[in-house]
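Here is the structure we will look at.
Values in this document were obtained by computation on a predicted structure and should not be read as measured data. Just so you know, these numbers use all the heavy atoms, side chains as well, and skip hydrogens, waters and symmetry mates.
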Amino acid sequence: MNVRRLIPTTALATAVTLGLVTLSACGGTSASGKEDGKLDVVASFYPMQFLAERIGGDHVSVTTLTKPGVEPHDLELKPKQIGELGEADYILYLKGIQPAVDDAIKQAGVKNTVDAGTLTELEEHGTATDGHAHEGEGHEHEHAGEEAGADPHIWLDPVKYTEVAEGVGASLEKADPDNAAAYRKNTDELVKKLDALHGKFEQGLRNTRTKTFITTHSAFGYLAERYGLDQEGISGVDPESEPSPARIKELQDTAKKDDVTTVFFETLASDKTAKTLARDTGLRTDVLDPLEGITDRSRGADYIEVMEANLAALQKALGAK
């Protein structure tokens, strides 16, 4: 992650201390002592919030640390939010997306804390991801010198997101056994919807004129691998990293060679680089949403709807037949 956007260690330590003081003053009441009897769940950002709400249903009260319109990587926690972390009955987050959140959660010490990244297999992706690797060959598709590391964007692959959903359901059953049957039922219903979404992507991207797409943020590595596509990211997994002139030249050559029609940008970050590259290469621009948050600019009201909009955008850009 871009260190320029992290909370300084001293500031975070001060915030954590203040948060714990607030927690102490509140007496650390758990959800079991609340009048509504709901499990108090804290989700780090939208993909985790969606799972908590869909699986938890009427038995949970979900608070998200990342408000709509805030780029998750940029999040800085306030002392009050850190205090709320310590009061939660259950925390769902994804390690590696938000370093400030990772640190605060570690210090909060909540028993039922689930890192979604442990519920599926993480892979390494750089700015380029080749979706045509055969199983067993590994998934390290970075070019020399490119950004590498465990890619946390697992929710953009419906299959991996399904694995996470199943793990979240099981963990909620354990945290709140009195409502285990409801969590199991809700999990099954969500898994069916995610399976159907996977089927739509599989069918919709099976036959296309080109397999290559260019995007500002290399968030779609898992999706590219799942459906046999080639992701070419302007920047790496960090949406704010700046591309080198050599990378821009490489993308211009790729666009010509692979018959690329569109440069994708996202809703929560600047589209300047995408529009510049598109103008210089005579390409269109469109939105491919990494679903890090839902806003009034999103092409849908929830995860399923926005992913279906992403599918439609890819079909158009890739020339689906």
Side-chain angles (χ1 to χ4, degrees), residues 1-2 45-48 71-73 94-98 115-164 194 197-198 201-202 204-205 208 210-241 243 247 250-251 254-255 258 260 262-269 273-274 277 286-292 303 306-307 310-311 313-315 317-318:
M1 294 301 157
N2 191 333
F45 72 129
Y46 179 71
M48 303 298 103
E71 214 288 330
H73 303 269
L94 180 54
K95 188 176 181 180
I97 283 283
Q98 300 166 289
D115 171 10
T118 65
L119 304 177
T120 187
E121 182 182 354
L122 297 181
E123 300 166 6
E124 293 187 357
H125 299 134
T127 51
T129 304
D130 182 351
H132 298 96
H134 296 290
E135 202 171 323
E137 289 184 355
H139 302 278
E140 299 180 13
H141 307 298
E142 308 82 22
H143 295 176
E146 290 180 351
E147 177 184 346
D151 180 356
H153 298 87
I154 49 179
W155 67 91
L156 292 169
D157 172 0
V159 175
K160 283 194 173 293
Y161 200 45
T162 297
E163 294 172 354
V164 174
L194 293 175
L197 179 66
H198 165 56
F201 268 84
E202 197 170 42
L205 298 174
T208 58
T210 180
K211 295 294 183 182
T212 303
F213 65 97
I214 296 175
T215 180
T216 52
H217 181 188
S218 298
F220 300 90
Y222 292 109
L223 184 148
E225 286 192 349
R226 180 67 60 192
Y227 303 111
L229 307 179
D230 298 331
Q231 171 187 246
E232 291 288 346
I234 298 175
S235 64
V237 174
D238 178 348
E240 290 188 5
S241 61
R247 180 60 182 158
E250 184 179 11
L251 289 169
T254 297
D258 293 343
V260 175
T262 307
V263 179
F264 288 110
F265 62 94
E266 59 185 271
T267 54
L268 296 181
T273 304
L277 176 62
D286 199 357
V287 171
L288 195 62
D289 197 330
L291 261 161
E292 293 176 341
Y303 172 86
V306 175
M307 282 295 284
N310 281 345
L311 172 58
L314 283 169
Q315 287 177 302
L318 300 174

Test Leu314 against Tyr227 for side chain to side chain contact (heavy atoms under 4.5 Å, CB included), laying out the working first.
CA-CA 11 Å; Leu314 283 169; Tyr227 303 111; over 6 Å; no
Minimum heavy-atom separation for [X] and [Y], please, with both atom names.
X: Glu124; Y: Ala150; answer: CG-N, 4.1 Å
X: Pro152; Y: Ile97; answer: CG-CD1, 3.5 Å
X: Leu197; Y: Pro158; answer: CD2-CG, 4.0 Å
X: Pro290; Y: Trp155; answer: O-NE1, 2.7 Å
X: Ala116; Y: Ile154; answer: O-CD1, 3.9 Å
X: Thr208; Y: Leu205; answer: CG2-O, 3.9 Å

Salt bridge (charged side-chain N to carboxylate O under 4.0 Å, His left out) against Asp157, all qualifying residues, sequence neighbours excluded:
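With neighbours one apart ignored, the set is Arg226.
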If we ignore hydrogens and angles and just use 3.5 Å, is the side chain of Tyr222 paired with the main-chain N or O of Asp151 as donor and acceptor?
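Present.
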Main chain of Asp289, side chain of Asn310: is a donor-acceptor contact present, judged purely on distance under 3.5 Å?
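Between the backbone of Asp289 and the side chain of Asn310 there is a qualifying donor-acceptor contact (under 3.5 Å).
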Partners of [X] by side-chain contact (heavy atoms from CB on, under 4.5 Å), sequence neighbours excluded?
X: Leu277; value: Ile214, Ile234, Ile248, Leu251, Gln252, Val263, Thr281
X: Thr210; value: Thr212, Asp258, Leu318
X: Thr162; value: Glu166, Val191, Leu194, Asp195

Let me confirm one number: the OG1-CD distance from Thr267 to Glu292, rounded to the nearest 0.5 Å.
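With rounding to 0.5 Å, OG1 (Thr267) is 8.5 Å from CD (Glu292).
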To the nearest 0.5 angstrom, please state how far the CD atom of Gln98 sits from the CD atom of Glu71.
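Rounded to the nearest 0.5 Å, the CD-CD separation comes to 8.5 Å.
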Within a strict 4.5 Å, meaning less than it, do heavy atoms of the Phe213 and Glu232 side chains meet?
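When only atoms from C-beta onward are counted, Glu232 and Phe213 do not touch, as no gap falls below 4.5 Å.
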Heavy-atom side-chain proximity of Phe264 to Val287 below 4.5 angstrom:
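A side-chain contact is absent here, since even the closest heavy-atom pair is not under 4.5 Å.
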My understanding is that only residues two or more places apart in sequence, or in another chain, count here; which of them pass side-chain hydrogen bond (donor to acceptor under 3.5 Å, both in side chains) with Asp286?
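Once residues adjacent in sequence are excluded, the partners of Asp286 under the side-chain hydrogen bond (donor to acceptor under 3.5 Å, both in side chains) criterion are Arg299.
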Side chain to side chain contact (heavy atoms under 4.5 Å, CB included) for Lys160 and Glu121? Distances and angles first, verdict last.
CA-CA 8 Å; Lys160 283 194 173 293; Glu121 182 182 354; 3.9 Å; yes
Go through it in stages, so that I can follow the logic: the residues are Leu156 and Met307, the test is side chain to side chain contact (heavy atoms under 4.5 Å, CB included), and I'd like the CA-CA distance, side-chain angles, deciding distance and then a yes or no.
CA-CA 8 Å; Leu156 292 169; Met307 282 295 284; 4.0 Å; yes
Tyr161: what forms a ring-ring contact (aromatic ring centres under 6.0 Å, His included) with it, not counting sequence neighbours?
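By the ring-ring contact (aromatic ring centres under 6.0 Å, His included) rule, Tyr161 matches Tyr303.
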Working for ring-ring contact (aromatic ring centres under 6.0 Å, His included), residues His125 and Phe220:
CA-CA 9 Å; His125 299 134; Phe220 300 90; over 10 Å; no
Take the angle between the ring planes of His153 and His73 and call it parallel below 30°, perpendicular above 60°, tilted in between.
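His153 and His73: tilted rings.
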